[in-house]
Amino acid sequence: MTLFRKYNEKIPRRGILGAMMFLACMFSYVIRTNLSITIVAMVNATSKSGSHGPICTQTALSSNQTVELKDYGERYEWNQHIQGLLLSGYFYGVLPASVPAGLLAEKYGGSKVVAFATLIPALLNLLMPWAAGIHYGFVFVLRFMMGFFGGAVYPALHAMIARWVPPSEKGMFVWTMQGGPFGTVVTFALCGQVISAFGWKSAFYVTSGLMLVFYALWLYLIYDTPDIHPGITEKEKAYIKEQIGTTISKQKAPLPIRSIVISVPFLVLLWSHFANMWGIYFIATNGPKYTLEVLGFNMKSGGFLTGLPYIARLGAGVLFAAVGDYIRRKNYIPLVWIRKLFMLFSHMGPAICLLIMTYAGCDATVAMVMLILALAFNGAACQTSLVNHQDLAPNFAGSLYGIMNTFGSFPGFIIPPIIGALTNERNGIEEWRVMFWLSAGVFTSATILFWLFGSAQIQPWNDLSHAKPTEIAEEEKQMTAIETKELQTDNEENERL
C-alpha cells in the first residue's frame, strides 16, 4: 500500500485530469450520438417512389432488383420528420441546462456536476428500447432528459480547466475535449458492430454499461481543485498556483450579465462557437444517415467509416494544440493572431471541404475524403472557439461556456428538422446539397466576424475586485472590527481617567 501511495504521488495530477476529461467528453458524445446510427436500424427507409434503401444503391441497381433490409429487430414507421424530432430531442434538453451547469460548477465544483451528468443519462439510456416500443413520444422525452443532464459536462469541465491548468497548457487541455467527437467514432464503430451482431436494442445496453464503469472511475480519481486533491504534490500545486496567478479569484460574485451581453468579443466568439457546433452536429447527428441512406454503406462499414473523420479530428487536434501552445510560449505573434490564423483551419477548412463533398455525388471515396478533411481541419478549434472564452474571462470560464453551449446547442435541434423537411419526400443528394451549402455559409460568416472583432485580451469584467456582494461583506466586517477596536480603546481610556 505504501509503494502504491509513493507511485501515485509521482503521477502528475494534471495528466490524470486530462485523460479523464477526454473520457468524460467521449461518453458525453456516446450518449448523444448513439441514436444517430441506431435509428437507421429502427426505421424503414423509403424514397418518394416507395422503394426501400439508399438512393445511390437504387441508382446502381436495375429496375427489377430490390434492396433487402437487414433484420436488426423491430422496425418502426417513423418518417423523416419524426426521426429529425427524435435526433434533436437531446439538444432541446441541453438548451436550458448549460448556463445553470456552469454556475453550479463554479459554486460547488465541476467534478460533482460531471459525475451526475454521466450517471443519470446512462440510466435513462437503458430505457430507450422500452420507450421505442411504447411510442416515439417517450423516446423524445428520454432524449430531452439525457440532454438536460448530459449537457452539463462541458461547462463543468471548462470551470475545472480554469482552476487546474496554466495558460500555456490550455490548448492541450482543450484538445482533450476532442474526446467528445472521438466518442462519435467509438459510438458509430461499436454500435455498428453490436447492432449487426445482436440487434439495435443491444447498442443501448452496451453504451450505458460502459458509461457506468467510467462514472465509478471518475468518482475515485477526480477532485475539483488542486488544493483539495489528496494525491497532488506540493511542487505541482505550487506550480499551478504560480502559473495561473491572479486571473482566477476565490471570490464568489454574480455573473456580470450586462457586461457579457454588450461584450463584442464575446458575442463574436458566441457565433464562432455556434458555427463550430453546427459543423460537428451536422456530421455527428446526420453523418450516419447520409452514408447509410444515401451513399449506401452497410451497417458494419458505415458505422466505422462515418467515425473516421473524428479520428482525423483527434489526430489533427493534437498537432494544432501543440503548435498553438508552442507559438504562445515563444511569443512569436500576439495571442489574438494565433486565434485568428487558426480560424482559417478550424472554420474555413471545413467550409471548403463540405462544398466539394456535396458535388462528389455518389462517388463515396471523394465524399469520405472530404468529410475526413473537414473534421481534420476543424481540430484547430482547440486554439479558437473552444478556448477563447478562457482568454476573455477565466474567472467565469464555466458560466461563459455554459452560455456558449446553450447557444451552440441550437444547431442540434435546428439541423435535424431541416434535413427532415428536405428529405421527407426524396432522400437524395440534391436535397442534402442545400444543407451542405448552408453549413459552409455558417462557417464562413463566423470566420469573417472573428477576424474583424475577435479579441484575446482579458476583459475588464473578469476583475472581481469590484464584485459588490463580496466586497461589501468584507467592508462590513472590517468596519465592525474597527468600531469594536475603537470602543475598546475608549473604554480603556475612560478607565484610566
Under 4.5 Å between any side-chain heavy atoms of Met128 and Val139, yes or no? yes

For a 4.5 angstrom cut-off between non-hydrogen side-chain atoms, does Gln457 reach Val336? no

By ring pair (Phe, Tyr, Trp, His ring centres under 6.0 Å) - contacts of Tyr205 (at least two apart): none

Roughly how far, to the nearest 0.5 Å, is CG of Leu124 from CG of Leu142? 6.0 Å

Treating Ser88 as the side-chain partner and Leu85 as the backbone partner, does any N or O pair qualify as donor plus acceptor under 3.5 Å? yes

Is there side-chain contact between Pro417 and His81, with at least one heavy-atom pair below 4.5 Å? no

Hey, are the side chains of Leu210 and Val30 touching, using non-hydrogen atoms and a 4.5 Å cut-off? no

What do the steps show when you test Asn378 against Asn276 for side-chain contact (heavy atoms from CB on, under 4.5 Å), and what is the final call? CA-CA 8 Å; Asn378 187 244; Asn276 183 61; 2.7 Å; yes

Could you tell me whether a side-chain N or O of Trp461 sits under 3.5 Å from a main-chain N or O of Ile257, the two making a donor and an acceptor? no

Does the side chain of Val323 reach to within under 4.5 Å of the side chain of Ile327, using non-hydrogen atoms? yes

Is a side-chain N or O of Ser28 found less than 3.5 angstrom from the main chain of Ala24, in a donor-acceptor match? no

Heavy-atom donor-acceptor pair, Arg313 side chain to Ala376 backbone, under 3.5 Å: no

If the plane angle is over 60° it's perpendicular, under 30° parallel, otherwise tilted; pick one for Tyr401 and His273. perpendicular

Side-chain contact test, heavy atoms from C-beta onward, threshold under 4.5 Å: evaluate it for Met357 versus Val366 and give yes or no. no

Taking atom types as modelled, is there a side-chain donor on Ser445 or Trp271 under 3.5 Å from an acceptor on the other? yes

Do the ring planes of Phe144 and Phe148 sit parallel (below 30°), tilted (30 to 60°) or perpendicular (above 60°)? parallel

Are Phe345 and Phe320, when compared by the centres of their aromatic rings, separated by less than 6.0 Å? yes

Would Trp278 and Ser439 satisfy side-chain hydrogen bond (donor to acceptor under 3.5 Å, both in side chains), going step by step from the backbone distance to the final call? CA-CA 7 Å; Trp278 178 286; Ser439 300; 2.8 Å; yes

If I take atom CD1 from residue Ile39 and atom OH from residue Tyr76, how far apart are they, to the nearest 0.5 angstrom? 11.0 Å

Exercise: do Asn125 and Ser208 side chains pair donor with acceptor under 3.5 Å: yes

Who passes salt bridge (charged side-chain N to carboxylate O under 4.0 Å, His left out) against Arg143, sequence neighbours left out? none

In terms of heavy-atom contacts, Leu212 and Leu123 come closest through CD2-CD2, 4.2 Å

Does the separation of the ring centres of His389 and Phe396 fall below 6.0 angstrom? no

Counting only N and O atoms by type, is there a donor-acceptor contact under 3.5 Å from the side chain of Glu77 to the main-chain atoms of Asn44? no

Side chain to side chain donor-acceptor pair (under 3.5 Å) contacts in which one or both residues fall within residues 336-350, not counting sequence neighbours: Arg339-Gln383, Arg339-Asp391, Ser346-Thr384

Is a side-chain N or O of Ser196 found less than 3.5 angstrom from the main chain of Gln193, in a donor-acceptor match? no

Minimum-distance pair of heavy atoms, taken over all atoms of Thr207 and Cys191: CG2-SG, 4.0 Å

How long is the gap from OG1 on Thr38 to CD1 on Ile195, to the nearest 0.5 Å? 4.0 Å

pair Thr447-Leu344: side-chain heavy atoms closer than 4.5 Å: yes

Evaluate side-chain contact (heavy atoms from CB on, under 4.5 Å) for Asn79 paired with Val43, printing each intermediate quantity in order. CA-CA 8 Å; Asn79 61 32; Val43 301; over 6 Å; no

Donor-acceptor under 3.5 Å (Asn388 side chain, Ser455 main chain): yes

Step by step, work out the side-chain contact (heavy atoms from CB on, under 4.5 Å) result for Phe204 and Leu127. CA-CA 8 Å; Phe204 293 109; Leu127 301 175; over 6 Å; no

For the CZ atom on Phe138, are there more than 12 heavy atoms of other groups (residues, nucleotides or ligands in this structure) within a distance under 6.0 Å? no

Rounded to the nearest 0.5 Å, what separation is found between the OH atom of Tyr359 and the CZ atom of Phe436? 11.5 Å

Looking at every non-hydrogen atom in both residues, tell me the closest pair between Val40 and Ser36 and how far apart they are. CG2-O, 3.8 Å

Mark yes when over 12 heavy atoms from residues, nucleotides or ligands other than Trp451 sit less than 6.0 Å from its CH2; otherwise mark no. yes

Taking Phe182 as the fixed residue, which of Phe22, Tyr29, Phe188 is the one that meets the ring-ring contact (aromatic ring centres under 6.0 Å, His included) rule? Phe22

If you measure from OG on Ser409 to OH on Tyr92, what distance do you get to the nearest 0.5 Å? 12.0 Å

By ring pair (Phe, Tyr, Trp, His ring centres under 6.0 Å) - contacts of Phe27 (at least two apart): Phe214

Under a 4.5 Å cut-off applied to non-hydrogen side-chain atoms, are Trp432 and Leu422 in contact? no

I'd like to check the side-chain hydrogen bond (donor to acceptor under 3.5 Å, both in side chains) partners of Ser385; sequence neighbours left out, ordered by chain and number. none

Nearest heavy-atom approach of Ile418 to Met435 is CG2-SD, 3.6 Å

Nearest atoms (heavy-atom pairs only) where Lys201 meets Pro129: CG-CB, 3.9 Å

Is there a side-chain contact (heavy atoms from CB on, under 4.5 Å) between Phe274 and Phe410? Walk through the geometry before answering. CA-CA 8 Å; Phe274 176 92; Phe410 277 89; 3.8 Å; yes

Separation between CG (Leu400) and CD1 (Ile260), nearest 0.5 Å, reads 5.0 Å

With sequence neighbours left out, the residues meeting side-chain hydrogen bond (donor to acceptor under 3.5 Å, both in side chains) with Ser272 are none

What closest approach, in Å, do Ile338 and Gly324 show between heavy atoms, and which atom pair accounts for it? CD1-O, 4.0 Å

